[in-house]
Amino acid sequence: MSGLSLKGPIADDQMMIWEDAGILIENGHIHSIGKYSDVLPKAEELKAKIIKLEGNHTCLPGFIDAHTHICFGGSRANDYAMRNAGKTYLEIAKAGGGIWDTVTQTRRATQEELVKSTIKIANRHLKNGVTTLEVKSGYGLSTGEELKMLRAIKDVNASISADLIPTCLAAHMLPKDYLGSAKEYLSEISTKLFPILKKEQLTNRIDAFIEESAFSKNQIVPYFQKAKEMGFDITVHADQFSPLGSEVAVKFRAISADHLEASTQKEIELLAKSNVIATALPGASLGLGCNFTPARKILDAGGALAIASDHNPGSAPMGDLLTQATILGTFEKLSNAEVLSGITFRAAAALKLSDRGQLKEGYLADLNIFHTNNYQDILYQQGAFKPCMVWKNGEVIFDKHSKT
Ligand code: NIG
Ligand code: FE
């Protein structure tokens, strides 16, 4: 995935493929990559341990899921059943479902319980090749409860092999138990919570859900202004049901604008002209039974497209990034190169990470090995084909062939 452009369409024949390849790893990073016969002398010189994979294998960079909400309490299985039985968003909310239900259940969980459940989910994704995951708060919705979530995410990051990139989503919705206005809530979060996020180094990223059921553009502008002043990076839940968030994302030079199911040509062009990464979340379309992000149009307009799972208990309960990315490719007519870029180097850019997402000298040795000699098989099996071996920072963390 190296040498490809960050923006616009990519054809499969632009991907560089090494046959009979070798990868030399030193200190968790790729020291050199190329023909096995060229890499071998360097490995011998460094007295490296040699692991030879016999038979047919394909190696890709570790996958990067740039948008998840995997830290949560409880379940929303009843929402899913009600939605599929034809109930509306409002009817589900009235029956006690929706984001607020997860907030209630997350508040009931202790930090330790959240750590435990998040480790379980993150390790499942890691085994499927996701070596870096973004994880949002947003089910606490008060200074103390958001801190509990972000501290839990920090603890998880310290105790598992995958890298977690935390994001504060205190602006997910106006908490139902908050006595003041949306303006007052956001102002309280930015004055009380933001300084603690900096002090405890809990996150450098601020997200907001701009939507009729959440926050308006006008409410979010001063919130993002404060975040920017304090040096936070911005990311936005944009244009999910109505085309409201992209404009704000571009205005604030956000790192990414995510969702975009409702983006029109106007938003698509606005994003394409900017440096904001457009992140499609096919898992939310599959969970809600609604249309996909116009990924083809975004690429053709010259945009940068990342693909993430949005794994959350409500709108995107599946969480399988590879499956969702390949399905988006089928519906949106994306090349293999475009789908794989969306979950590797373009996803890295959506998290402002410049050390991963490519098999390239100096990059992290985060590797996914698949048991095939044809890379096309990977997406062809629509997510059912999983890696037989996953490496993180130069260590094997999953090996299907090993007995232990
Ligand atoms: O990204 N769009 C808003 N937030 C989440 C849904 C969270 C939930 O339903 O719990 C999303 O889809
Ligand atoms: Fe989301």
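Read the numbers this way: they start at 1 and go in the same order the structure lists the ligands and their atoms.
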Tell me, please, which residues at least two apart from S75 pass side-chain hydrogen bond (donor to acceptor under 3.5 Å, both in side chains). none

Could you tell me how the ring of H237 sits relative to the ring of H172: parallel (under 30°), tilted (30 to 60°) or perpendicular (over 60°)? tilted

Check this for me: does any side-chain nitrogen of one of K297 and E332 sit under 4.0 Å from a carboxylate oxygen of the other? no

Restricting to side-chain hydrogen bond (donor to acceptor under 3.5 Å, both in side chains), what partner residues turn up for E112, sequence neighbours left out? none

What are the two closest non-hydrogen atoms of A170 and I189, and how far apart are they? CB-CG2, 3.7 Å

Is any side-chain N of the basic residue among K148 and E146 closer than 4.0 Å to the acidic one's carboxylate O? no

Look only at the side chain of H371 and the backbone of N56, and say whether a donor-acceptor pair between them is shorter than 3.5 Å. yes

With 2.8 Å as the limit, jot down which protein N, O or S atoms are around the Fe ion (ligand 2). H67 NE2, H69 NE2, H237 NE2, D310 OD1

Output for ligand 1, non-hydrogen cut-off under 4.0 Å, lists H67, H69, R76, I99, Y139, H172, F209, H237, Q240, H259, D310, N312, G314, S315

Sidechain N-carboxylate O distance under 4.0 Å for R356, D163: yes

Check ion pair D320-K386 (N to O, under 4.0 angstrom): yes

